[in-house]
There are 2 protein chains.
Amino acid sequence: MPELKSRQVSQLPPLQAIRVFEAVARHLSFTKAAGELGMTQAAASYQIKLLEERVGAPLFLRRPRQIVLTEAGQRMAPAVSEAFALLGGAYAAARSGADGVLCVSTLLTFASNWLARHLGSFQVAHPSLAVRLDTSNRVVDFTREDIDIAIRSGGGNWPGVEVHKLFNADFTPMLSPKLAASIGGVKEPADLLRLPILDPGDIWWRDWFIAAGLPVEELAKRPGSSMGAQAYEANAAIAGQGVAIVTAALFNAELADGRLIQPFDLVGDDGHAYWLVYPQARRNVPKIRAFREWILAEIAGQ
Amino acid sequence: MPELKSRQVSQLPPLQAIRVFEAVARHLSFTKAAGELGMTQAAASYQIKLLEERVGAPLFLRRPRQIVLTEAGQRMAPAVSEAFALLGGAYAAARSGADGVLCVSTLLTFASNWLARHLGSFQVAHPSLAVRLDTSNRVVDFTREDIDIAIRSGGGNWPGVEVHKLFNADFTPMLSPKLAASIGGVKEPADLLRLPILDPGDIWWRDWFIAAGLPVEELAKRPGSSMGAQAYEANAAIAGQGVAIVTAALFNAELADGRLIQPFDLVGDDGHAYWLVYPQARRNVPKIRAFREWILAEIAGQ
DNA sequence: TTCAGGCATAAGCCCTCCTTATGGGCCGTG
DNA sequence: CACGGCCCATAAGGAGGGCTTATGCCTGAA
């Protein structure tokens, strides 16, 4: 498409030359402008000559100790400076503006039970960073959605992304102290069989029952409804509606204040974990680095 | 000066990438944008990737059949488009604006006696071209003054410039018919000795006297004052104050309407001529070509 | 299921643009 | 008046940015 090309070329000036022109017009000196641009005087001279040929008129008059703008140069200079100011502003805004909002895609339960309690310290440490949470169970594709960083649960082997393990997604039964008291306390795994089980179809229950030496057939008999997120199950458990099987690490607060109790030390582990995930290519982006360092320190100090 | 360079680089985006970004943001398509810019889709992809790395954030989200701007991209796009519009406008204005004014450096006498009478037809032929006359006897340096084209008198061998001979700068005595009548008419060269001679120190008088067989010592005796331009001498001659030696071609009008007479066919010629002169590099600039073609035709048809 | 449209990626090459080196013009100074 | 310094122009040479071609992948439509 040569005609398109030539059309375009004639519409827009050679940009590198224009950049040099802008600097030269400001300094009224090839040498100084070249210095500012980090190149040699010869390069500036070359670019200006190029531009003058394209424009079809001299842009500077070469006087003994200095140069001055020609009429054509004077017409161009202000608009060019303004355009570069715009460009520079937009670029800077995109750079820092992009740094100003951190989009975190996170699992619902992690958001409500962990992030909600810890995010405050991140905000304090990085007051200029606004965090936008995007809660969903989808595995986000960084190339397709406007997400900076994600919390995922799984095996940890995803291609093209950098991962950091936060904690294991082990699981154990939990219930409210009131419910436990209603049968005189839960002392051994078999006691659970006398209580309602929340989401008995969950594979975790099966795994844990096997590990605890309980008959898995019990589970199949029970009416089940999955609520889709640990947080919901846990709320039901707190309300005394049954026993939930959840990741202990996410319910430290509930355990601490007695809303939930963990009757057994036995935890199941299917090899899954919670991971911090982000595109490898962006590992050095300031806001991503900041979040990574913060969350890893927070997890470690917990 | 590495620190200056890095400073600059971080202030301004890579311009070629920005140009591509602008087109892609308009089309929301790498392929179409590449087409507009006269390059391949791969090149556009490359540039966008480059820019995204510089900005530190994705600018487009890659969706199956199309792409969309990210938040960062949306922030950048309008300002970038505006900046390019400015740049394009300034560039176009400089290109055509430079074509709108033609600066002619000319000798005083040529301006008042030739250009003044002919320039009208050029204006009619090129109504969009404004002519600015710069009258002086200096030999202008095109690299030092804002001049497009010049009329010079001389030998015609100047380096770096394109020259076209307009007419020979031959010279011959002229006087007013009244002054001639005051001595009963000027029939032979020697009659001139009975009249005042304007600027007798002029080398032209000497040359012409020799050619006419008159004693040059006569000239030395006379009180002289040079007025610095043929036009002034001619005006003095028209006023009947004496005989002037001038270039006949410049006074066709005065000869035609009888304000001056040329008593002898004998003309002196020192090899000088009137030349049209302009920088070689600009020979194809439209306004220069237009003026060249017009003046050569005008001279030829005279 | 296959096809077509669109983007990503790899390899390779060309040409732009920059550097170094040098020269010229003009000014200020001793 | 000559010399040195400042600044720009120009030539030659080299490095790397950026383009092209070729290919693969993904997805939505037929």
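What's counted below: heavy atoms across the whole structure, side chains too, no hydrogens, waters or symmetry copies. Order of the sequence lines fixes the chain letters, A, B, ..., with proteins taken first and strands second; residue numbering starts at 1 for each chain.
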For nucleotides 21-24 of chain D, list the nitrogen or oxygen atoms of the protein found under 3.5 Å from its nitrogen or oxygen atoms, one pair per line.
none

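- In this structure, the side chain of Thr70(B) does not engage the main chain of Asp146(A) through any donor-acceptor pair within 3.5 Å.
- Counted by atom type alone, Arg292(A) and Tyr278(A) present one or more donor-acceptor pairs between their side chains at under 3.5 Å.
- Side-chain contact between Tyr91(A) and Arg54(B) is present, with at least one heavy-atom pair separated by less than 4.5 Å.
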* To do: Apply side-chain contact (heavy atoms from CB on, under 4.5 Å) to the pair Leu115(B) and Thr106(B), showing each step before the final yes or no.
  => CA-CA 9 Å; Leu115(B) 275 182; Thr106(B) 168; 4.1 Å; yes

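- When only modelled atom types and interatomic distance are considered, Arg152(A) and Tyr274(A) share no side-chain donor-acceptor pair under 3.5 Å.
- As a whole-Å value, the separation of Phe142(A) CZ from dC7(C) P is 22 Å.
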* To do: Could you check Ile48(B) against Val20(B) for side-chain contact (heavy atoms from CB on, under 4.5 Å), going step by step and ending with a plain yes or no?
  => CA-CA 7 Å; Ile48(B) 294 300; Val20(B) 175; 4.1 Å; yes

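- If you check every strand for non-hydrogen atoms under 4.0 Å, Gln66(B) touches nothing.
- Counting to the nearest Å, the C1' atom of dT16(C) and the CE atom of Met39(A) are 13 Å from each other.
- When all heavy atoms are compared, the tightest approach of Ala44(B) to Phe30(B) is CB-O, 3.9 Å.
- A salt bridge links Glu22(B) and Arg26(B); the closest N-O separation between the charged side-chain nitrogens and carboxylate oxygens is under 4.0 Å.
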Could you list the protein-to-nucleotides 27-30 of chain D atom pairs, N/O on both sides, closer than 3.5 Å?
unit_1  : atom_1 : unit_2    : atom_2 : d
dT27(D) : OP1    : Arg144(A) : NH1    : 3.3
dT27(D) : OP1    : Arg144(A) : NH2    : 3.2

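- For the pair Arg54(A) CZ and dC17(C) P, the interatomic distance rounds to 9 Å; values are reported in whole Å.
- For the residue pair Ser29(B) / Gln66(B), no side-chain donor-acceptor distance below 3.5 Å is found, with atom types taken as modelled.
- Computed from C1' positions of five pairs at each end, the angle between the two local axes of the helix from dT1(C)-dA30(D) to dG30(C)-dC1(D) equals 20°, rounded to 10 degrees.
- As a whole-Å value, the separation of Lys49(B) NZ from dA10(C) C1' is 11 Å.
- Regarding contacts with the backbone of dA9(D), a side-chain N or O of Arg62(A) is found under 4.0 angstrom from either OP1 or OP2.
- We find that CD of Glu53(B) is positioned 12 Å from P of dA8(C), with the value rounded to whole Å.
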* Evaluate side-chain contact (heavy atoms from CB on, under 4.5 Å) for Met76(A) paired with Phe21(A), printing each intermediate quantity in order. => CA-CA 9 Å; Met76(A) 257 180 77; Phe21(A) 168 77; 4.0 Å; yes

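- In terms of position along DNA chain D, the nucleotide closest to Ser45(A) lies nearer the 5' end than the nucleotide closest to the other residue of the pair Gln16(B) and Ser45(A).
- Comparing atom distances between the Tyr46(B) side chain and each of dC17(C), dG17(D), dC8(D) picks out dG17(D) as nearest.
- Taking atom CG of residue Leu61(B) and atom P of nucleotide dG6(C), one finds them 18 Å apart after rounding to whole Å.
- Across all non-hydrogen atoms, the minimal contact from Ala23(B) to Leu37(B) is CB-CD1, 4.0 Å.
- Across the interface with DNA chain C, nearest-nucleotide mapping of Leu28(B) and Val20(A) shows Leu28(B) to be the residue nearer the 5′ end.
- Closest contact between the side chain of Phe30(B) and the listed nucleotides dT10(D), dC19(D), dC7(C) involves dC7(C).
- Under the 6.0 Å cut-off for aromatic ring centres, Phe122(A) and Phe291(A) qualify, their centroids lying closer than that.
- In this structure, NE2 of His27(B) is placed 17 Å from C1' of dG5(C), rounded to the nearest angstrom.
- Computed from coordinates, the Leu50(B) CG to dA8(C) P distance equals 13 Å when rounded to whole Å.
- Between Thr31(B) and dC7(C) there is a side-chain N or O to OP1 or OP2 distance below 4.0 Å.
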